[in-house]
There are 2 protein chains.
Amino acid sequence: MSQSDDPTPISRKRNPRGVTMEAVGRMAGVSQVTVSRALSDPSKVSPETMARIREAIAVTGFVPNALAGALASRKSMMVSALVPSITNIVYASMLAPFSEELKSRGYQILLSETGFDPEEEAATVEAHLSRRPDAILLTGVHHAPRTRRMLLGADVPVVEVWDMTETPIDLCVGFSHAASGRAVADFAREAGYRRAAGICAGDERAQRRLAAFAESFGQSSGTEVPVARTTRGNLAAGRALLAELIDERGFTGGLVACSSDVLAQGVLIEAAARGLSVPGDLAVVGFGDQELAAAVEPGLTTIRVNREALGRAAAQALLARIDGGNPSQDLIDVGFTLIRRASA
Amino acid sequence: MSQSDDPTPISRKRNPRGVTMEAVGRMAGVSQVTVSRALSDPSKVSPETMARIREAIAVTGFVPNALAGALASRKSMMVSALVPSITNIVYASMLAPFSEELKSRGYQILLSETGFDPEEEAATVEAHLSRRPDAILLTGVHHAPRTRRMLLGADVPVVEVWDMTETPIDLCVGFSHAASGRAVADFAREAGYRRAAGICAGDERAQRRLAAFAESFGQSSGTEVPVARTTRGNLAAGRALLAELIDERGFTGGLVACSSDVLAQGVLIEAAARGLSVPGDLAVVGFGDQELAAAVEPGLTTIRVNREALGRAAAQALLARIDGGNPSQDLIDVGFTLIRRASA
DNA sequence: TCAGCGCATGAAACCGCAATCATCACGAAT
DNA sequence: ATTCGTGATGATTGCGGTTTCATGCGCTGA
């Protein structure tokens, strides 16, 4: 009665590792090759065969092994993205459209944070290259020499974003940080501000923006432009740095240029806490035009960079290169706009 | 086979595709196997050989092909992470420590956004499974049946985060959203507020928090708790929803519970714009304890969830499972804390 | 009637590495 | 002297696909 338990489980080789095309094919009465074709180009397989294969796939729950596919076809269908920090909305908001654009073409994103250290970036690039991505996105244009060498040697499309350079590794989509700093200085001058100060986060690009602002405004106004610095670019830092400017650096009023909207919002809060009116006693300019810029009171005058367009353009440039051709241009300057609101 | 020493340049095929271990070995006078060993366990190779191999690697710029390695070893050294949105700091700030923890063990992150749609999530899970990740992180505990099936069939460690369930797919690290809503209601009651309202973003977990709050507070106070809803959880939405509560829903004062700190900040801004004092005329409670919560004026009373610890714990739980054993616990409730500041 | 052709399919050769087992030289133990 | 590790290395196999080339077959046109 209970003879269902066969004592010879020997021939019963239930593939202990996942289902393969081989197994699907066996079940559908075709070879592995035909299964492969069925998935990559159904038009090359007869409708009846196709149906049986589909059935077998459904029954077995087969999921193709993309690693094997990548090895054989030399196309990983992965794109690496290296950003300094994903918790920083500025990078995250570029990444989202970048990723979406690529996803629609079947690519997946291999993401890493690199911090702001070129050496760490180099190590990360190497780790990513070992996965043979079909393209790579890097943030910024300053890299360790080794990074450049590896990337050039790997013969893979590369796009550097969020900055501009005359000598990109391959492609570049960004804007000039120095120009954005000068634009704020121009605005300050034209709006009639006589004195100014700066508040700057630690990263290299923020410093370039503020340096350009300070130099430009300083030159045209003939005044000293004090710049307070911080490593962390949060609200608390913005508050603290305005306090520093006023209490320790003798800043008595004028325009405060900040390297980010968050810092600028911190300045607004500290100003309110001190009973200073904005823009009466103190004018504030931010950078980034994050959502908060339009929502705070008073509205924040700031530099807008179309981050979504930037991310999308970066993806499209890479796709163009992958598709074989050269994109229409290697360098894309997406520019920036000064958005004037109430704070300055 | 014996024609390797053939001087005819015809058969001499300068490998046009990247450098391989084979090539490195040839240059170092050893076999491919030895190169493989040199990289995976240097102690198994003699020092002199090691030196020659290193030299050859440096000269050729060899970068091992992790795809091939993964295929052969059945370990991809990749971990999938699926989050609703990377531009939402709440998810991004879990992801950062999660990724860091795994990176230190040699894993890389395959990231995708899934939005808030279970079907999209299922498709994304399938795409990720095809890459044979060594582990998977999912956000939330509500998934399409197909997702569950695929995941169980794939026999891969899975951790669901940012929520709790009694029936996890595998592991779960999170907290109870309903409990957090009730905690706010308890607080409101104990602090003596007689009336309350809610402001709620569109995602399912936010709604569960606010529903629990409204029910709990409504029951104990015997009042109706109006809840205004939005799809986008930004500052502007917070402002608009407070306006809606006051202008259209007859809300005249009391405590406003918000499903996120950002919405709460919007409420603060709108309140200020209307000349309402906080917490005098209006008390505000947020959720998340983002950086802004401590920095705004007045400081925001909110629910803190240790997102960094959560991300780290998720990573560690997965690593424990990968290492073969069962983690000490399948379900980890990281809890939450109500942080009282000036806004309520 | 038969070469010719397109279609559906299969066989075989990789892709680049890791895992397994075999080989070899050399010194210690018997 | 023979045996037996032991450390260093190589040959072989196969992971699960893609690609290329070969095959069988029914049908068309001269």
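First the proteins, then the strands, lettered A, B, ... as listed; each starts at 1. Predicted, not measured: the structure shown is a model, and the values here were computed from it.
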Assign a letter to each nucleotide of nucleotides 17-23 of chain D from its 5' end: B, base within under 4.0 Å of a protein heavy atom; S, sugar-phosphate only; -, no contact. BBB----

So, is Thr34(B) close to the dG10(D) phosphate, meaning a side-chain N or O under 4.0 Å from OP1 or OP2? yes

Euclidean distance, atom CZ of residue Arg74(A) to atom C1' of dC15(C) [Å, nearest integer]: 6 Å

Can you tell me which nucleotide in dG16(C), dA11(D), dG16(D) comes closest to the side chain of Ser31(B)? dA11(D)

Nearest whole angstrom, please: distance from the P of dT20(C) to the CG of Asp41(B). 14 Å

Regarding Asp323(A) and Arg105(A), does a basic nitrogen lie under 4.0 Å from an acidic carboxylate oxygen? yes

Option from His128(B), Glu126(B), His143(B) for which side-chain contact (heavy atoms from CB on, under 4.5 Å) with Met150(B) holds: Glu126(B)

Ser43(B) vs Leu71(B), nearer the 5' end of DNA chain D by closest nucleotide: Ser43(B)

Take Leu67(B) and Leu71(B) through the side-chain contact (heavy atoms from CB on, under 4.5 Å) test and state the conclusion after the steps. CA-CA 6 Å; Leu67(B) 295 175; Leu71(B) 185 60; over 6 Å; no

A quick test of your reading: do over 12 heavy atoms of other residues, nucleotides or ligands sit less than 6.0 Å from CZ of Arg54(A)? no

For dT9(D) and Ser46(B) - does any side-chain N or O of the residue sit under 4.0 Å from the phosphate oxygens OP1/OP2? yes

Could you state the atom-to-atom distance from CG of Leu67(B) to P of dA18(C) in whole Å? 12 Å

I'd like to know if Asp330(B) pairs up with Arg321(B) as an ion pair, taking the criterion as any Lys NZ or Arg NE/NH1/NH2 lying under 4.0 Å from an Asp or Glu carboxylate oxygen. yes

Of all the heavy-atom pairs spanning Leu138(B) and Leu82(B), show the shortest one and how long it is. CD2-CD2, 3.7 Å

Taking CD1 from Ile53(B) and C1' from dT9(D), how many angstroms apart are they, rounded to a whole number? 10 Å

